[in-house]
Amino acid sequence: MADGLLNKASIILTPTGYKAGTLYNVAPVLEPYEDFDFARTSTATRINSSGLVSNVATGVPRISYDSNGANGHLLLEPTSTNLLPYSEDFSQWTSKINIEVTLNNTTSPEGVVNAAFINEDNDNAQHFIGTSTSFTSGQDVTVSVFAKKNQRDVLQISPSGSYLNTSGYANYDLTNGLVTASGGGVTAEIESLSNGWYRCIAKFTATTTATGTLAFFLQNSTTASRGGSYDGDGSSGLYLWGAQVEALPHATSYIPTLTGSTEVRATETATGAGSATLINSTEGVLYAEIAALSNDGTTRRISLSDGSISNRVSLELDETSNKIKAFISNGGVSQILEYTASDLTQYNKIAIKYKANDFALWLGGVERDTDTLGSVPIGLNTLEFAQGSGVQNFYGKCKELAVFNEALSDAELNNLTG
């Protein structure tokens with residue numbers, strides 16, 4: 001946030017301080033602090049400031065980082081289940097075709113020597129490990145695994161054709177950090193971590209209700225076709241750790257399954273901050289620097305409210321891809337401002353100004369939409385990562401959140417969001 005505006009904000013969250021059940025604001029600096037109530041009824045993982053995957057205890061907020069330790073942010077995610085038992089013990093997987101698995105062979109993204117070496121035999125054949133998975137027709141599925149090159153630097157993820165009605169696959173170049181080929185209904189992403197590790201992600205929608213094999217292939221070419229065979233040398237391979245399958249259209253943070261069963265990460269909520277003293281119903285600004293987890297067709301909101309949806313100022317990441325909306329509601333009558341951004345999965349600085357007959361939505365230093373007719377809410381006393389009624393939770397990344405008790409000038413809003 002622009003330094004000169006800090007003194008004007010009544011509430012500022014720059015995620016740094018927390019304990020189990022509480023996420024601390026950095027302003028106000030005097031009691032009552034009116035911090036966030038935080039809840040998650042399970043453990044979870046994050047990327048720590050050293051770029052490593054680390055565990056977070058039940059009920060503790062997650063301050064996560066990029067792989068280089070930059071961009072500290074509050075991470076909020078929905079419930080998800082890792083549907084793959086034995087996410088790290090690949091020796092337990094049901095199919096090991098022309099492959100040998102050596103556990104605890106190198107340092108994993110966790111910073112512990114618990115990653116597996118997957119190496120080929122010397123047959124001219126397919127070389128893969130796989131496990132049985134079942135999906136229903138129309139189900140969104142995201143597969144992910146952490147991978148690092150050794151003698152081989154091409155990983156191929158291949159869902160079974162039995163639930164795709166086709167030969168789906170994606171190839172990942174572990175030298176250059178690239179997706180080099182994909183097809184058969186599979187879309188792919190690759191994310192860089194520290195120490196040469198990448199998270200390889202494959203997404204698809206099941207076209208048939210079936211049970212099949214999810215396979216991780218070694219390949220000797222970045223353009224290899226699905227399940228391609230080649231002449232192995234008996235020793236070459238690559239490293240794998242942390243496999244995950246989720247019934248979601250995007251990957252979420254790693255959920256370990258270490259005891260042979262699926263595991264659930266519970267929903268996270270951050271609610272109950274603020275007060276009528278800290279939130280002005282007559283005029284003000286709601287500001288956030290945020291990034292979506294995905295354009296996943298869901299509605300995610302950050303709101304000032306009286307605890308209902310009738311009186312609120314809500315910043316919404318809309319179900320329409322990359323669309324931002326602002327709702328300013330008085331007694332259930334709303335002014336709605338909107339703008340379609342280029343990419344909401346990247347960090348955007350967004351502000352909503354509200355004042356009687358003077359409403360504006362700002363993003364990236366530009367006023368994107370306005371309304372000059374309407375009433376302001378009454379009784380605003382709560383700030384939460386949700387709609388005013390505690391639904392449509394915000395899931396995503398937040399680097400900064402602030403509330404101003406006055407309608408800032410255009411020059412200030414340009415400075416704040418630019």
Could you tell me whether the side chain of [Y] reaches within less than 4.5 Å of the side chain of [X], counting heavy atoms only?
{"X": "Trp93", "Y": "Leu84", "answer": "yes"}
{"X": "Asp371", "Y": "Leu337", "answer": "yes"}
{"X": "Glu120", "Y": "Tyr230", "answer": "yes"}
{"X": "Phe359", "Y": "Val313", "answer": "no"}
{"X": "Ile11", "Y": "Glu34", "answer": "no"}
{"X": "Val186", "Y": "Leu164", "answer": "yes"}
{"X": "Ile201", "Y": "Ile190", "answer": "no"}
{"X": "Phe117", "Y": "Asn150", "answer": "yes"}

Establish, from distance only, whether the side-chain atoms of [X] and [Y] form a donor-acceptor pair under 3.5 Å.
{"X": "Ser162", "Y": "Ser160", "value": "yes"}
{"X": "Tyr254", "Y": "Ser87", "value": "yes"}
{"X": "Thr43", "Y": "Asn55", "value": "no"}
{"X": "Ser236", "Y": "Asp233", "value": "yes"}
{"X": "Ser303", "Y": "Glu384", "value": "no"}
{"X": "Thr222", "Y": "Asp173", "value": "no"}
{"X": "Thr223", "Y": "Ser221", "value": "yes"}

Would you say the side-chain atoms of [X] pair up with the backbone N or O of [Y], donor to acceptor, closer than 3.5 Å?
{"X": "Ser64", "Y": "Ile47", "value": "yes"}
{"X": "Ser194", "Y": "Gly51", "value": "yes"}
{"X": "Ser108", "Y": "Glu110", "value": "yes"}
{"X": "Glu246", "Y": "Asn82", "value": "no"}
{"X": "Arg300", "Y": "Thr298", "value": "yes"}
{"X": "Thr209", "Y": "Ser137", "value": "yes"}
{"X": "Asn48", "Y": "Ser50", "value": "yes"}

Could you walk me through whether Leu383 and Leu286 pass the side-chain contact (heavy atoms from CB on, under 4.5 Å) test, one step at a time?
CA-CA 10 Å; Leu383 171 63; Leu286 173 62; 4.1 Å; yes

Taking it one step at a time, do Asp35 and Thr22 satisfy side-chain hydrogen bond (donor to acceptor under 3.5 Å, both in side chains)?
CA-CA 7 Å; Asp35 299 313; Thr22 305; over 6 Å; no

Taking all atoms of both residues into account, what is the closest heavy-atom pair of [X] and [Y], and its distance?
{"X": "Ser253", "Y": "Arg62", "value": "OG-NH1, 2.8 Å"}
{"X": "Ser321", "Y": "Thr340", "value": "O-CG2, 4.2 Å"}
{"X": "Cys398", "Y": "Pro15", "value": "O-CG, 3.4 Å"}
{"X": "Leu317", "Y": "Ile290", "value": "CD2-CD1, 4.1 Å"}
{"X": "Val285", "Y": "Ala407", "value": "CG2-CA, 4.3 Å"}
{"X": "Arg152", "Y": "Leu238", "value": "O-CB, 3.6 Å"}

Let me confirm one number: the [atom1]-[atom2] distance from [X] to [Y], rounded to the nearest 0.5 Å.
{"X": "Leu76", "Y": "Asn393", "atom1": "CG", "atom2": "CG", "result": "8.5 Å"}
{"X": "Ile12", "Y": "Glu400", "atom1": "CD1", "atom2": "CD", "result": "7.0 Å"}
{"X": "Leu240", "Y": "Glu88", "atom1": "CG", "atom2": "CD", "result": "11.5 Å"}
{"X": "Asp318", "Y": "Ile324", "atom1": "CG", "atom2": "CD1", "result": "10.0 Å"}
{"X": "Thr208", "Y": "Tyr163", "atom1": "OG1", "atom2": "OH", "result": "11.0 Å"}
{"X": "Phe217", "Y": "His127", "atom1": "CZ", "atom2": "NE2", "result": "10.5 Å"}

Under the side chain to side chain donor-acceptor pair (under 3.5 Å) test against Ser144, which residue among Gln244, Arg199, His250 passes?
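So, applying the side chain to side chain donor-acceptor pair (under 3.5 Å) to Ser144 and each of Gln244, Arg199, His250, only Arg199 qualifies.
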
Could you walk me through whether Glu77 and Arg40 satisfy the salt bridge (Lys or Arg N to Asp or Glu O under 4.0 Å) test, starting with their C-alpha distance in whole Å, then the side-chain angles of each, then the deciding distance to 0.1 Å, before giving a yes or no?
CA-CA 10 Å; Glu77 292 183 307; Arg40 185 189 61 249; over 6 Å; no

Show your working on side-chain hydrogen bond (donor to acceptor under 3.5 Å, both in side chains) between Thr79 and Thr267 and close with a plain yes or no.
CA-CA 4 Å; Thr79 295; Thr267 296; 2.4 Å; yes

Quick one: do Thr205 and Asp140 satisfy side-chain hydrogen bond (donor to acceptor under 3.5 Å, both in side chains)? Show the steps, please.
CA-CA 4 Å; Thr205 300; Asp140 289 325; 2.9 Å; yes

Verify ring-ring contact (aromatic ring centres under 6.0 Å, His included) between Phe36 and Phe385, making sure each step is shown before the conclusion.
CA-CA 9 Å; Phe36 285 88; Phe385 285 88; 5.4 Å; yes

